[in-house]
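Naming convention: chains lettered A, B, ... in sequence-line order (proteins, then strands); numbering from 1 in each chain.
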Amino acid sequence: MTEIDLSRPVRVRFAPSPTGDMHIGGGRTALFNWLFARRYGGKFILRIEDTDDKRFKENARQGIIDGLQWLGLQWDEGPDIGGPYAPYVQSERLPLYQKWANWLVENGKAYRAYETAEEIEIISATRRSKGLPPGYDRRARNLTPADWARLDAEGRPFVIRFKMPDGETTFDDLVRGPITAQNDKLQDQVLLKSDGFPTYHLAHIVDDHVMEITHVIRAEEWINSTWLHKQIYDAFGWQMPQVAHVPVILKIDGKGKMSKRDEGASISYFSEGGYLPEAVTNYLCNVGWNYGKTDEKSEEIQVFTKDQAAEIFDVTRVTTSGTKFDLVKLGWLNGVYIRAIAPLELAQKLRPYLEKAGLQVNIDTLLRIVPLVQERLKTLKEIVEVAGFFFEDDVPTPKAEDLIPKKMDAASTREALSRAASTLSALPTFEHAAMEAALRPLAETLAIKPGQLFGAIRAAVTGRAVSPPLFETIEIIGKAPTLARIERAVDSLKVV
RNA sequence: GUCCCUAUCGUCUAGAGGCCUAGGACGUGGCCCUUUCAAGGCUGAAACUCGGGUUCGAAUCCCGAUAGGGGCACCA
């Protein structure tokens, strides 16, 4: 297996194109880069690759920045904070790419091509029909500078294409080992478009070289471009960074890689859906990488912070096969992190979700609720369904069928609730232990199971069949509302 | 069509020729705890894609088949 080259100070980058919301796969790529930088005391750089002016990009850069910040992946150099190699936005670096594109042409490593998009399409279709890979057939390689002058005079726009040499190309992948391709299967790719913008292939190589990037960790779909990149580095006479291709994230159900439409595809789905960034980064680590031997203390092997992971992150241990994204497992992990938060902090995190649901939140009440619900939440957002009723004045009385416990009827339920109300009403203090101490004997007196009695009370007071522990719950709701709701339930049963 | 990558329980993974009767986690079945739901504890089911080699010995190495994924833009 290929060794990690640490002879130069480690510098890695996350280089997204700002096309919208940050994708979960991009989040993992960023995380792995961040871990790698931290592992070796290097720099993590953010660079925006906006070399396609046809694509919408105005607010998208902010989406990337928000996503990274939410995940807690702070960069050392980037468009917003600058750095020794600024600017970190490719659209602001155009002359640099043009300079190096021209250098390649002058040195016979690249050439001008004047075909239009329509012409390329025809060439491509023809090649395909012959069983060749679609693409360009290199016909403009034969043009002389005199031809260029003539075509320029006609006002025809041109692109600069790379002149792929003969032979074969091999690069060493840090996760997959050496990978080889025959050059005649590779394209004479466009490096500089007719509008003067570079393509990704040129721009990222120039920037990675100029910015002294030492390692490139990126998604698997780049493997098939890497031979081209190797050849371009060679043409420049530059040292190529070591590359590591991490597997794509696939849909949990169905086929193919995760796309923007899928649930859980974007970072904002998690930030808005009540997931904790700690849980998401932890999960992302577990998908495509692992903490090491899994045969010992299993919990610690699955649950760890990104700082812990950074201590031992080894990119050569990244897995090789595509991984499916499992929201259920993430939910479990999120629950683990929720249970670990200090109650006050959890209350503060929960509050916005309740308010977003239109509830008036009393922070003291919420603080009393948190211990009851903390171990019942898989996401912060679930607080609304788990405990929203605490903040609703008007909890409707359930239908009789939901009020009457198993093996009981309307009359006995009415009797039980009525007696429960008297019992609770007579208590000197409205405190949960006292309530339970008083109500258990009542169940015995009524010759029903405690669960039956408690179930009826739960339904009457909370309006639901499931709730946090009953007596703690009604202690928080308070004496008057509790008794009122029980009385209302008793009345509703009279009608039947 | 063509090139490339990949292949262990449903899912994420451990496994670098004998430690594998294949380990862990999520999920799932059962039991315990229990006023519901969780959380927790105990316990069970569940996988090396197939076929050929190499070797005394293969989940591990090689070849092939199959299947999945990715690429083949003046997008990244």
Check your understanding: Going by modelled atom types, is there a donor-acceptor pair between the base of B:C37 and the side chain of A:S467 at under 3.5 Å?
Key ->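 Absent.
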Check your understanding: Got a donor-acceptor pair under 3.5 Å from the side chain of A:R376 to the base of B:C37?
Key ->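 Yes, a donor-acceptor pair under 3.5 Å.
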Point to revise | Nearest heavy-atom neighbours spanning A:T29 and A:I217 | key: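 For A:T29 and A:I217, the tightest heavy-atom pair comes out as CG2-O, 3.5 Å.
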Students often get this wrong, so: under 4.0 angstrom with heavy atoms, is [X] touching a base, only sugar-phosphate, or nothing?
X      : result
A:P247 : nothing
A:G288 : sugar-phosphate
A:L470 : base
A:S194 : base
A:S129 : nothing
A:W222 : base
A:Q374 : nothing
A:P405 : nothing
A:P469 : base
A:K449 : nothing
A:V190 : sugar-phosphate
A:E385 : nothing

Can you check the distance between [N] and [M], where both ends of the measurement are the [atom1] atom (answer in whole Å)?
N     : M     : atom1 : answer
B:C19 : B:U35 : P     : 49 Å
B:A7  : B:C12 : P     : 12 Å
B:U2  : B:A16 : P     : 38 Å
B:U60 : B:A76 : P     : 42 Å
B:U21 : B:G64 : P     : 30 Å
B:C5  : B:U43 : P     : 44 Å
B:G41 : B:A59 : P     : 34 Å
B:G52 : B:C26 : P     : 38 Å

Practice item. Would you kindly compare A:R339 and A:Y200 by the position of their nearest RNA chain B nucleotide and give the one closer to the 5′ end? Key: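 Looking at RNA chain B, the more 5' nearest nucleotide goes with A:R339.
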Review point. Nearest nucleotide by nearest heavy atom, which residue falls closer to the 5' end of RNA chain B, A:R128 or A:V328?
Key: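 Closer to the 5' end of RNA chain B: A:R128.
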Identified pairing partner of [N], criterion: Watson-Crick or G-U wobble below 3.5 Å:
N     : answer
B:U11 : B:A25
B:A45 : none
B:G40 : B:C32
B:G68 : B:C5
B:A58 : none

Candidates [options] - which lies nearest the side chain of [X]:
X      : options             : answer
A:K329 : B:A25, B:U35, B:C5  : B:A25
A:D326 : B:U11, B:U6, B:A76  : B:U11
A:N224 : B:C75, B:A7, B:G71  : B:G71
A:S321 : B:A25, B:A7, B:G70  : B:A7
A:I179 : B:C5, B:C12, B:G27  : B:C5
A:K378 : B:G70, B:C4, B:A39  : B:A39
A:E436 : B:C12, B:C72, B:U35 : B:U35
A:R317 : B:G15, B:A7, B:C74  : B:G15
A:T51  : B:A76, B:C74, B:U11 : B:A76

Measuring to OP1 and OP2 of [N], would you say a side-chain N or O of [X] lies under 4.0 angstrom away?
X      : N     : result
A:K324 : B:U6  : no
A:R161 : B:C74 : yes
A:K193 : B:A76 : yes
A:T320 : B:A7  : yes
A:T319 : B:U13 : yes

Is any NZ, NE, NH1 or NH2 atom of the basic residue among [X] and [Y] found under 4.0 Å from an Asp or Glu carboxylate oxygen of the other?
X      : Y      : result
A:R156 : A:E119 : yes
A:E382 : A:R376 : no
A:D188 : A:K163 : no

I need the [atom1]-[atom2] distance between [X] and [N], as an integer number of Å.
X      : N     : atom1 : atom2 : answer
A:K230 : B:C4  : NZ    : P     : 18 Å
A:H229 : B:A76 : NE2   : P     : 11 Å
A:M258 : B:G70 : CE    : P     : 13 Å
A:R156 : B:C74 : CZ    : C1'   : 14 Å
A:D172 : B:C4  : CG    : P     : 17 Å
A:H201 : B:G71 : NE2   : P     : 12 Å
A:I369 : B:A38 : CD1   : C1'   : 16 Å
A:Q302 : B:A14 : CD    : P     : 11 Å

Practice item. Answer yes if the ring centres of A:F162 and A:Y111 are under 6.0 angstrom apart, and no otherwise. Key: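 For A:F162 and A:Y111, the ring centres are not under 6.0 Å apart.
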Review point. Which residues pass the salt bridge (charged side-chain N to carboxylate O under 4.0 Å, His left out) test with A:R13, sequence neighbours left out?
Key: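 Salt bridge (charged side-chain N to carboxylate O under 4.0 Å, His left out) list for A:R13, sorted by chain: A:D208.
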Exercise for review: Count the heavy atoms belonging to other residues, nucleotides or ligands that lie under 6.0 Å from NZ of A:K449, then report whether that count exceeds 12.
Suggested key: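 Atom NZ in A:K449 is not packed in, count stays at 12 or less.
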Review point. Are the side chains of A:I179 and A:F171 in touch, meaning some heavy atoms are under 4.5 Å apart?
Key: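 A:I179 reaches A:F171 side chain to side chain.
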Point to revise | Sub-4.5 Å side-chain heavy-atom contact between A:I476 and A:L372 | key: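 In contact.
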Practice item. Go through the steps to decide whether A:Y283 and A:F325 satisfy the test ring pair (Phe, Tyr, Trp, His ring centres under 6.0 Å), and finish with yes or no. Key: CA-CA 10 Å; A:Y283 178 71; A:F325 195 85; 5.1 Å; yes
